[in-house]
Amino acid sequence: MDKQRLFRTLFLAALAGPLAACVQPTPWVDAHSGEAVRRALAQQVLNPDAGAGRDPVAGLDGRSAAAALERYQKSFAEPAPHATTILIGGGGGK
């Protein structure tokens with residue numbers, strides 16, 4: 001029994017060497033791995049040079065922006081009440 005196990009192990013090891021030589025390396029795939037993800041992320045940037053400019057942001061004044069932010073934060077603390085919906089003639093059952 002011990003000789004059979006040894007013979008089987010040596011036989012499989014002898015087969016593994018030539019089979020490993022059949023594997024094709026993929027240098028192009030390895031070199032370009034992740035390019036699609038990086039390209040998709042780059043395409044989602046509106047202005048890649050935005051950090052270089054020193055122009056002020058055009059938009060709301062400080063008082064209006066603070067009020068909008070406060071209303072936004074309060075909307076999570078006090079959710080709006082749900083309206084009651086009445087369906088007339090919308091029966092789908094028997």
*Is it true that the side chains of S33 and D30 contain a donor and an acceptor less than 3.5 Å apart?*
no
*Ignoring hydrogens and geometry, is there a side-chain-to-backbone donor-acceptor pair from T9 to R5 under 3.5 Å?*
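Yes.
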_Parallel, tilted or perpendicular, judged at 30° and 60°: which one describes the rings of H32 and W28?_
tilted
